[in-house]
> 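So that we are looking at the same thing, I have put the structure below in structure tokens.
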Amino acid sequence: MRITTWNVNSIKQRVGHLLAFLDEAKPDVVCLQELKCQDDAFPRAEVEGAGYAVETLGQKAYNGVALLVRAPLAVSEVRRGLPGDPEDEQARYIEGLVAGEGVAPVRVASIYLPNGNPVASAKYPYKLAFLERLRRHARRLMEAETALVLAGDYNVIPEPEDAADPAAWTSDALFLPQSRAAFRTLLAEGLTDGLRACDPRPGLYTFWDYQAGCWPRNLGIRIDHLLLSPQAADRLVSASVQKHLRGLDKPSDHVPVTVELSDG
DNA sequence: ATGACATGGATCCCATGA
């Protein structure tokens with residue numbers, strides 16, 4: 001089972017790239033972030049036409065997440081929204097149980113963690129609180145011992161080697177010690193960073209800013225992650241970054257990241 | 001010298017992002 005996470009930065013702008021990617025890579029599950037549209041504006045017919053079931057949690061203009069599941073696999077037990085704050089109106093979390101004939105089930109979440117900048121604003125405590133809510137929810141899900149993959153745009157640079165120029169990020173919400181500590185605390189629940197487990201090399205990035213020639217100069221950061229529970233990590237076969245999509249016309253500033261799990 | 005931002009909403013600039 002191949003599971004991909006991709007922040008598309010507007011699904012309406014990126015539907016062509018998405019359909020081409022589905023056709024070329026044939027991932028079994030795709031976790032999308034930053035749809036930037038409401039549910040009724042999602043290009044459902046096109047994606048279903050490519051062979052995928054579609055579950056969305058949209059929002060006007062900002063945020064928005066989705067799960068795509070390729071037949072013959074099916075998705076059930078869909079949960080919209082991260083537990084722990086009934087006041088939270090932002091569309092940043094969707095989860096479902098993916099299963100099929102001859103495949104051990106995997107619970108998959110598509111997560112769009114808050115950016116958290118500016119650090120002096122309420123956005124930063126919201127980010128830290130969201131990470132803590134995610135930790136608590138992950139702990140609860142892991143108690144069932146079903147394979148679990150928490151995939152998405154975490155907006156956290158875990159280590160200095162995950163940025164081409166770490167010094168440029170020292171006071172940014174993506175790389176502040178508190179942000180990195182909260183991410184490590186989440187990992188300490190027993191989660192494995194799927195990409196890092198497969199590829200220890202520095203210089204592995206998933207995001208390049210549109211500005212200042214970051215892409216041609218390869219000034220990237222690694223902020224899109226797939227975190228695997230022990231049952232999922234036991235099935236980890238490979239992980240990769242689909243970097244070429246950043247070089248297309250009108251790209252997202254993020255590229256897809258994919259893990260492959262064995263069937264059982 | 002390099003290379004110089006994108007998206008959506010309601011404008012004719014702003015909020016947001018990372």
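All values below come from the heavy atoms of this structure, side chains included, with hydrogens, waters and symmetry mates left out. In the text below, chain A, chain B and the rest are named by the order of the sequence lines, each starting its count at 1.
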> Taking 4.0 angstrom as the limit, do A/R222 and A/E161 come out as a salt bridge?
no
> Please tell me if A/R14 has a side-chain N or O lying less than 4.0 Å from either OP1 or OP2 of B/dA6.
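No, A/R14 has no side-chain N/O under 4.0 Å of OP1/OP2 on B/dA6.
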> Provide, to the nearest angstrom, the distance between the CG atom belonging to A/L248 and the P atom belonging to B/dA6.
15 Å
> Which whole-number value in Å describes the distance from A/L219 CG to B/dT2 P?
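After rounding, the gap between these two atoms is 17 Å.
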> In whole Å, measure the gap between the C1' atoms of B/dT2 and B/dT7 for me.
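It comes out at 27 Å once rounded to the nearest Å.
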> Summarise protein proximity over nucleotides 10-18 of chain B in one line of letters, 5' to 3': B for base, S for sugar-phosphate only, - for none, counting protein heavy atoms closer than 4.0 Å.
S-----SSB
> Pick the P atom in B/dG3 and in B/dA18, then give their distance to the nearest Å.
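Approximately 25 Å lies between the P atom of B/dG3 and that of B/dA18.
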> Answer yes if the ring centres of A/Y210 and A/W215 are under 6.0 angstrom apart, and no otherwise.
no
> Report yes if a side-chain nitrogen or oxygen of A/Q13 is closer than 4.0 Å to either non-bridging phosphate oxygen (OP1 or OP2) of B/dG8; otherwise report no.
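It does, given that an N or O in the side chain of A/Q13 lies less than 4.0 Å from OP1 or OP2 of B/dG8.
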> Roughly how far, to the nearest 0.5 Å, is OG1 of A/T258 from CZ of A/R2?
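It comes to 8.0 Å.
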> Test side-chain contact (heavy atoms from CB on, under 4.5 Å) on A/E34 and A/W6 and set out the steps.
CA-CA 9 Å; A/E34 280 211 84; A/W6 191 11; over 6 Å; no
> From CG of A/N9 over to P of B/dT7, roughly how many Å is that when rounded to an integer?
6 Å
> Tell me, please, whether A/Y112 has A/R92 positioned over its six-membered ring: NZ or CZ under 6.0 Å from the ring centre and within 45 degrees of its axis?
yes
> Do side-chain atoms of A/R14 reach the backbone of A/V8 as a donor and acceptor pair under 3.5 angstrom?
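Yes, the answer is positive, given that a donor and an acceptor are paired below the 3.5 Å cut-off.
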> Using atom C1' in both nucleotides, what's the gap between B/dC14 and B/dA10 to the nearest angstrom?
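One C1' to the other, the span is 10 Å.
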> Please tell me if A/S10 has a side-chain N or O lying less than 4.0 Å from either OP1 or OP2 of B/dA6.
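So the side chain of A/S10 is outside the cut-off, no N or O lying under 4.0 Å from OP1 or OP2 of B/dA6.
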> Side chains of A/S179 and A/Y124: donor-acceptor distance under 3.5 Å anywhere?
yes
> Could A/D39 and A/R44 be called an ion pair, given the rule that one side-chain N must be under 4.0 Å from one carboxylate O?
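Salt bridge between A/D39 and A/R44, a charged N being under 4.0 Å from a carboxylate O: no.
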> Tell me every residue that passes salt bridge (charged side-chain N to carboxylate O under 4.0 Å, His left out) with A/D172, counting only those two or more places apart in sequence or in another chain.
none
> Which of residues 160-167 of chain A have a heavy atom under 4.0 Å from DNA chain B?
none
> What integer number of Å spans the C1' atoms of B/dG8 and B/dC12?
15 Å
